[in-house]
Participant: 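Mind having a look at this structure? Questions to follow.
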Amino acid sequence: MLHITNGDFASQRIRELDIEGGQLAWSDVLHEGPVPGNLTLEEMSMVRASFIADCGWATNMEAQFHFQTRDAVFLSAANTGDVVLWVTHELYDQLHMMQVLAWYATEGADKAKPELVFIDQHLSPDTPAAAVTEAFSNRRQATQDDIQQAYQAWVAFTALNPRSLESFAAFDTRLPFLKAGIERLKHEYPDQQGISLTERHALTVLADSVSAAPYELFGNVRLKEAVPFMGDASFWRILQAMTESAQPLMTCDDQARFELPGLYQHADNFNERRLAITDAGRAVLAGELDWLVEHAIHRWVGGVRLQSPGCWRFDTNTQSFVRK
């Protein structure tokens, strides 16, 4: 039995509770970076490894080795029908669930279906033992409907056009957290003012204070999320874009470049920096400024490459995607 979780902390909790089987951390921030459609698992892993290396989170060799090893362990268990997929309520987990179940709809269509464990809280060393063991005892085998629904969501997520994500508001599914995850994902697209919900949260926190240290800001932004899903490394990249833009929405107190922590250790005095909102940031929050008029956006949400001009946005008033 192989327990697939979102990451090392979740796997550690399963191991601590002596739940039978091995553990495999899927460990991919699929909410960030390119996730293009119509790729095999091997091809997708090559794309994702390159992105991880480009972010400076691992060397290219380390990233490629991680994905190759992960996939080999998964495929071995899938071939023997011994996969248990753990799914928490956060967006991070919905995306890896979509990817894994979509594999069973395509490359793994002839394999025994995995078992699913749903738990409505973050899975970490702090998760109560009773909650974990109860979730495991309530596990069930994935149905063909589960697999097809996850596959449909994965196709929509990896498509070149995000409009198919709109239909999931009325989606009828037994996958308990999928609809909420897709709904949160939509808000990682720029809105009418050209910022994502994560960026809006960061500006809102700074607007209510004189300044904040990076980890202080990160913690307060997580408090604004109904279900936090983003790790600090992804958040630092967002802050970097907001401070180093041609139209910065926030700034470091020393006006220095927002240097990201290093590969193996934090940059010197990283958390001693103070971040503050700019006048442009306040104007964006007030609905008086469209950031993308001056800011050259270059990022991905699933299969959609966001770049100016003609960037895809999620209009929060109409709850629809538009290009502008």
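Note that these values count all heavy atoms, side chains included, but never hydrogens, waters or copies made by symmetry. Here the structure is a predicted model, which is why all the values come from computation and not from measurement.
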Participant: Would you confirm whether the ring centroid of Tyr151 sits within less than 6.0 angstrom of the ring centroid of Trp154?
Facilitator: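 Ring centroids of Trp154 and Tyr151 are no less than 6.0 Å from each other.
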
Participant: For Asn269 and Glu272, indicate whether the former's side chain and the latter's backbone hold a donor-acceptor pair under 3.5 Å.
Facilitator: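 No: the side chain of Asn269 does not pair with the backbone of Glu272.
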
Participant: What's the shortest heavy-atom distance between Pro214 and Arg273, and which atoms?
Facilitator: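 Shortest heavy-atom separation between Pro214 and Arg273 comes out as CD-O, 3.3 Å.
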
Participant: Working to the nearest 0.5 Å, report the span between CD of Glu216 and OG of Ser211.
Facilitator: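 Glu216 atom CD to Ser211 atom OG measures 7.5 Å (nearest 0.5 Å).
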
Participant: Applying side-chain contact (heavy atoms from CB on, under 4.5 Å), run through Trp312 and Arg163 and close with a yes or a no.
Facilitator: CA-CA 10 Å; Trp312 281 106; Arg163 282 186 169 144; 3.7 Å; yes

Participant: Roughly how far apart are Glu288 CD and Gln193 CD, rounded to 0.5 Å?
Facilitator: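 Interatomic distance, Glu288 CD to Gln193 CD, rounded to 0.5 Å: 9.5 Å.
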
Participant: Should Gln319 and Glu183 be marked as a side-chain contact (heavy atoms from CB on, under 4.5 Å) after you check the CA-CA gap, both sets of side-chain angles, and the distance that decides it?
Facilitator: CA-CA 10 Å; Gln319 294 292 296; Glu183 185 61 31; 3.3 Å; yes

Participant: Answer yes if the side chains of Asp93 and Thr88 hold a donor-acceptor pair under 3.5 Å, and no otherwise.
Facilitator: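 On atom types as modelled, these side chains qualify, holding a pair under 3.5 Å.
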
Participant: Can you confirm whether Leu160 is buried at CG, in the sense that more than 12 heavy atoms of other residues, nucleotides or ligands lie under 6.0 Å from that atom?
Facilitator: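 It does not: Leu160 CG has 12 such atoms or fewer within range.
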
Participant: With distance as the sole criterion, is a donor-acceptor pair present between the side chains of Asp8 and Ser11 under 3.5 Å?
Facilitator: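 Side-chain D/A pair, Asp8 to Ser11: absent.
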
Participant: Could you grab the distance from atom CD1 of Ile52 to atom OG1 of Thr59, nearest 0.5 Å is fine?
Facilitator: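 Nearest 0.5 Å value for the CD1-OG1 distance: 12.0 Å.
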
Participant: Could you check whether Asp191 pairs with Arg200 (Lys NZ or Arg NE/NH1/NH2 to Asp/Glu carboxylate O, under 4.0 Å)?
Facilitator: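 Yes.
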
Participant: If you count heavy atoms of other groups shown closer than 6.0 angstrom to CZ of Phe171, is the number above 12?
Facilitator: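 Enclosed: over 12 neighbouring heavy atoms sit under 6.0 Å from CZ of Phe171.
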
Participant: With a 4.5 Å cut-off on side-chain heavy atoms, are Met230 and Ile238 touching?
Facilitator: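 The answer is yes, as the side chains (C-beta and beyond) meet within the 4.5 Å cut-off.
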
Participant: List the steps and the verdict of side-chain hydrogen bond (donor to acceptor under 3.5 Å, both in side chains) for Arg184 and Thr198.
Facilitator: CA-CA 10 Å; Arg184 180 60 188 85; Thr198 300; 3.2 Å; yes

Participant: Counting only heavy atoms not in Gln307 (residues, nucleotides, ligands), do more than 12 fall under 6.0 Å from its CD?
Facilitator: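 More than 12 heavy atoms, drawn from other residues, nucleotides or ligands, come within 6.0 Å of this atom.
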
Participant: Between Tyr104 and Lys113, is there a side-chain heavy-atom distance shorter than 4.5 Å?
Facilitator: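 No - every pair of side-chain heavy atoms lies 4.5 Å or more apart.
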
Participant: Checking side chain to side chain contact (heavy atoms under 4.5 Å, CB included) between Trp26 and each of Asn6, Leu95, Leu85, Val100, which is the one that passes?
Facilitator: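 Among the candidates, only Val100 passes.
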
Participant: I'd like to know whether CG of Asn79 has more than 12 heavy-atom contacts from other residues, nucleotides or ligands below 6.0 angstrom.
Facilitator: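 For Asn79, atom CG is crowded (more than 12 foreign heavy atoms under 6.0 Å).
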
Participant: Determine whether a donor-acceptor pair (N or O, by modelled atom type, separation under 3.5 Å) exists between the side chain of Gln99 and the backbone of Leu41.
Facilitator: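 No: the side chain of Gln99 does not pair with the backbone of Leu41.
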
Participant: Just wondering, do Leu275 and Phe258 contact through their side chains at under 4.5 Å, heavy atoms?
Facilitator: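 Yes, at least one pair of side-chain atoms sits under 4.5 Å.
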
Participant: Do Trp57 and Glu62 come close enough that some side-chain heavy atom pair is under 4.5 Å?
Facilitator: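 They are not in side-chain contact.
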
Participant: Membership question, hydrophobic clusters at under 4.5 Å side-chain separation (ILVMFWY): are Met46 and Val35 in the same one?
Facilitator: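 No; Met46 is not reachable from Val35 via cluster members.
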
Participant: Taking the side chain as everything from C-beta on, heavy atoms only, tell me whether Arg48 gets closer than 4.5 Å to Leu30.
Facilitator: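 SC-SC contact between Arg48 and Leu30 confirmed.
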
Participant: Distance check, rounded to the nearest 0.5 Å: Arg299 atom CZ versus Cys311 atom SG?
Facilitator: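 Taking CZ in Arg299 and SG in Cys311, the distance rounds to 7.5 Å.
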
Participant: Sort out for me which residue in Leu285, Thr204, Leu249 forms a side chain to side chain contact (heavy atoms under 4.5 Å, CB included) with Ile277.
Facilitator: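 The side chain to side chain contact (heavy atoms under 4.5 Å, CB included) with Ile277 is passed solely by Leu285 among Leu285, Thr204, Leu249.
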
Participant: Check the side chains of Gln192 and Thr316 for a donor-acceptor pair under 3.5 angstrom, ignoring hydrogens and angles.
Facilitator: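 Judged by distance alone, the side chains do pair up.
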
Participant: Please give me the minimum heavy-atom distance between Ala202 and Leu217, naming the atom from each residue.
Facilitator: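 Closest pair (atom of Ala202, atom of Leu217, distance): O-CD1, 3.8 Å.
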
Participant: Is there a side-chain contact between Val205 and Lys224, using heavy atoms and a 4.5 Å cut-off?
Facilitator: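 Yes, at least one pair of side-chain atoms sits under 4.5 Å.
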
Participant: Ile14, Leu2: one ILVMFWY side-chain cluster at the under-4.5 Å cut-off?
Facilitator: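 Not linked; separate clusters.
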
Participant: Would the distance check show the side chain of Ser245 and the main-chain N or O of Met242 forming a donor-acceptor pair, the cut-off being under 3.5 Å?
Facilitator: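 Pair absent, no side-chain N/O of Ser245 close to backbone of Met242.
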
Participant: Taking a hydrophobic cluster as the set of Ile, Leu, Val, Met, Phe, Trp and Tyr residues connected by side-chain heavy atoms closer than 4.5 Å, whether directly or through intermediates, do Ile4 and Met1 fall within one such cluster?
Facilitator: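 Unlinked, Ile4 and Met1 end up in two clusters.
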
Participant: Taking the ring of Phe51 and the ring of Trp300, is the distance between their centroids below 6.0 Å?
Facilitator: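 Ring centres of Phe51 and Trp300 not closer than 6.0 Å.
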
Participant: Any chance you could measure Glu244, atom CD, to Thr251, atom OG1, to the nearest 0.5 Å?
Facilitator: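 So the CD of Glu244 and the OG1 of Thr251 are separated by 10.0 Å.
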
Participant: Would you name the heavy atoms of Ser196 and Glu199 that are closest together and state the gap between them?
Facilitator: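 Looks like N-OE1, 2.7 Å.
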
Participant: Are Met98 and Phe74 co-members of a hydrophobic cluster defined by side-chain heavy atoms under 4.5 Å apart?
Facilitator: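 Same cluster.
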
Participant: Around Phe136, counting heavy atoms of other residues, nucleotides and ligands shown, do more than 12 lie under 6.0 Å from its CZ?
Facilitator: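 Count over threshold, so yes.
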
Participant: Apply side-chain contact (heavy atoms from CB on, under 4.5 Å) to the pair Met97 and Leu178, showing each step before the final yes or no.
Facilitator: CA-CA 9 Å; Met97 176 195 71; Leu178 179 58; 4.1 Å; yes

Participant: With a cut-off of 6.0 Å (strictly less than), are more than 12 heavy atoms of other residues, nucleotides or ligands near CD of Gln144?
Facilitator: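 Enclosed: over 12 neighbouring heavy atoms sit under 6.0 Å from CD of Gln144.
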
Participant: Mind listing the closest non-hydrogen atom pair of Arg140 and Asp146 along with its distance?
Facilitator: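 Heavy-atom minimum between the residues: NH1-OD2, 2.5 Å.
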
Participant: Crowded around Asp279 CG? As in, over 12 foreign heavy atoms under 6.0 Å?
Facilitator: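 Counting other residues, nucleotides and ligands, CG of Asp279 stays at 12 neighbours or fewer.
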
Participant: Does a side-chain heavy-atom distance below 4.5 Å link Asp28 with His96?
Facilitator: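 No - every pair of side-chain heavy atoms lies 4.5 Å or more apart.
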
Participant: Examine the side chains of Gln12 and Glu16 and answer whether a donor and an acceptor come within less than 3.5 Å of each other.
Facilitator: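 Per modelled atom types, Gln12 and Glu16 side chains form a pair under 3.5 Å.
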
Participant: Under the 3.5 angstrom rule, does the side chain of Glu188 hit a backbone N or O of His31 as a donor-acceptor pair?
Facilitator: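 Checking the backbone N and O of His31 against the side chain of Glu188, no donor-acceptor pair under 3.5 Å is found.
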
Participant: Do you know which two heavy atoms are closest between His66 and Ser27, and how far apart they sit?
Facilitator: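 Looking at all heavy atoms of both residues, the closest pair is NE2-O, 3.5 Å.
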
Participant: Walk me through it: do Thr5 and Gln23 pass the test side-chain contact (heavy atoms from CB on, under 4.5 Å)?
Facilitator: CA-CA 7 Å; Thr5 69; Gln23 299 84 35; 5.6 Å; no

Participant: Val227 and Phe168: same hydrophobic cluster, using ILVMFWY side-chain contacts below 4.5 Å?
Facilitator: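 No, Val227 and Phe168 fall in different hydrophobic clusters.
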
Participant: Return the minimal non-hydrogen interatomic distance between Leu292 and Pro190, and the atom names on each side.
Facilitator: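 Looks like CD1-CB, 4.1 Å.
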
Participant: Show every donor-acceptor pair shorter than 3.5 Å between a side-chain atom in residues 114-132 and any protein atom, with sequence neighbours excluded, or say none if there are none.
Facilitator:
unit_1, atom_1, unit_2, atom_2, d
Glu115, OE1, Arg139, NE, 3.1
His122, NE2, Pro228, O, 2.8
Ser124, OG, Asp126, N, 3.2
Thr127, OG1, His122, O, 2.7
Thr127, OG1, Ser124, N, 2.8
Thr127, OG1, Ser124, O, 3.1

Participant: Can any side-chain N or O of Ser76 pair as donor or acceptor with the backbone N or O of Val73 at less than 3.5 Å?
Facilitator: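 Judged by distance alone, no pair lies under 3.5 Å.
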
Participant: Nearest 0.5 angstrom please: Arg13 CZ to Ile19 CD1, how far?
Facilitator: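 Reported to 0.5 Å precision, the distance equals 9.0 Å.
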
Participant: So do Leu75 and Trp103 actually touch side chain to side chain, heavy atoms under 4.5 Å?
Facilitator: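 Yes, side chains in contact.
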
